[in-house]
Amino acid sequence: MSIKQYYKKFYKGSKKSCMDIIKAKLEADEGCFVITANPEILMMGKRLPEMDKALMSKDTLLVPDGIGVIKGGAQLGVRFEERIPGVEICEELLAYADDTKKSVYLFGARREVVEALVSRIRREYRGIMVKGYSDGYVGGKDEVFKEIIGLEPDIVMVALGTPQQELLIQRHFAAVNKGIYIGVGGSFDVLSGLKQRAPSFFIRHNIEWLYRITKEPKRIKRFWDSNIKFLFELRKEKHGSGKAV
Ligand code: UDP
């Protein structure tokens, strides 16, 4: 698919209305695959057929996480109401699950991280039933995932990093009866309280990516690779047909 097709598919409204859609799916016991996309994921969609399928699936709610996605949209004439960071969806989902007594399964991150998050949920979100959890370094992730689907949790957060988490969900989503499945990258590290999110200044000015790079310089290559290629791709597509989306 072209990047333009992904832009057609993106959810473009506010974070609040996006959460309303997710909550309605939860209440209707429908299955939903939430992808919080940045330029890197979109570029993978062009390269990996399975990622492309995941991005375009009718079961997928495609959400603009990175500021690069919003800026890229502006180049194509696509407007977004706001950026919707995956970690904020997770926080809101946990609060909602607490209020409405929903069940959650947590899959991913290092063992001490996922355990710290489970402890926090048991302490601070007493309405949530933790159906189970597993760290992200176990062998046989497909088997673990099949078991998770069988448990039918209301919410499944998968923190294995991109593209592993999206490809795993995509491989098995046809077997899902109900539940919100969301790939959350490094969010467990933050939600557990073990790692700080960027200070609010960085979040407000849409430069959270810059903060993450200064904390983890190994991200620089990955960031530049995907974002620069993304800009070239956008330019190519834009001038290819000359039409906005
Ligand atoms: N991770 C994991 N298993 C793996 C590789 C990574 O559980 O085999 C976890 C890792 O511990 C971290 C998260 O996946 O918590 C990846 O975080 P990152 O911020 O790199 O996510 P991305 O930027 O790729 O979305």
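One-based numbering, in listed order, for ligands and for the atoms of each.
Y7 and S2 are not linked by any side-chain donor-acceptor pair at a separation below 3.5 angstrom, with hydrogens and angles left out of the test. R120 and Y125 share a donor-acceptor pair across their side chains, judged by distance under 3.5 Å alone.
Remark: I35 CD1 to L55 CG distance equals 4.5 Å, nearest 0.5 Å.
Using cut-offs of 30° and 60° for the angle between ring planes, the Y181 and F173 rings count as perpendicular. In this structure, F10 and F80 have perpendicular ring planes: the angle between them is above 60°, well past the 30° mark.
Under the 4.0 angstrom criterion for non-hydrogen atoms, Y137 is in contact with ligand 1.
For ligand 1, the atoms lying closer than 4.0 Å to a non-hydrogen atom of R219 are 18 (P), 19 (O), 20 (O), 23 (O). Every atom of ligand 1 is numbered from 1 in the order shown, and the set under 4.0 Å from a heavy atom of R212 is 19 (O). Remark: ligand 1 atoms within the under-4.0 Å shell around heavy atoms of D189 are 12 (C), 15 (O).
Any N or O atom pair closer than 3.5 Å counts here, and Q165 shares no such pair with ligand 1. Not a single N or O atom of G108, backbone or side chain, sits closer than 3.5 Å to an N or O atom of ligand 1.
The option with the heavy atom closest to atom 23 (O) of ligand 1, from among R222, E40, K141, is R222. When the options A159, G136, G185, G183 are ranked by their closest heavy atom to atom 9 (C) of ligand 1, first place goes to A159.
With a 4.5 Å cut-off on side-chain heavy atoms, E147 and L151 do not count as touching.
When only non-hydrogen protein atoms are considered, atom 7 (O) of ligand 1 lies nearest to A109 N, 2.8 Å.
Applying the side chain to side chain contact (heavy atoms under 4.5 Å, CB included) test to E216 and every residue at least two apart in sequence or in another chain returns K195, K218, R219.
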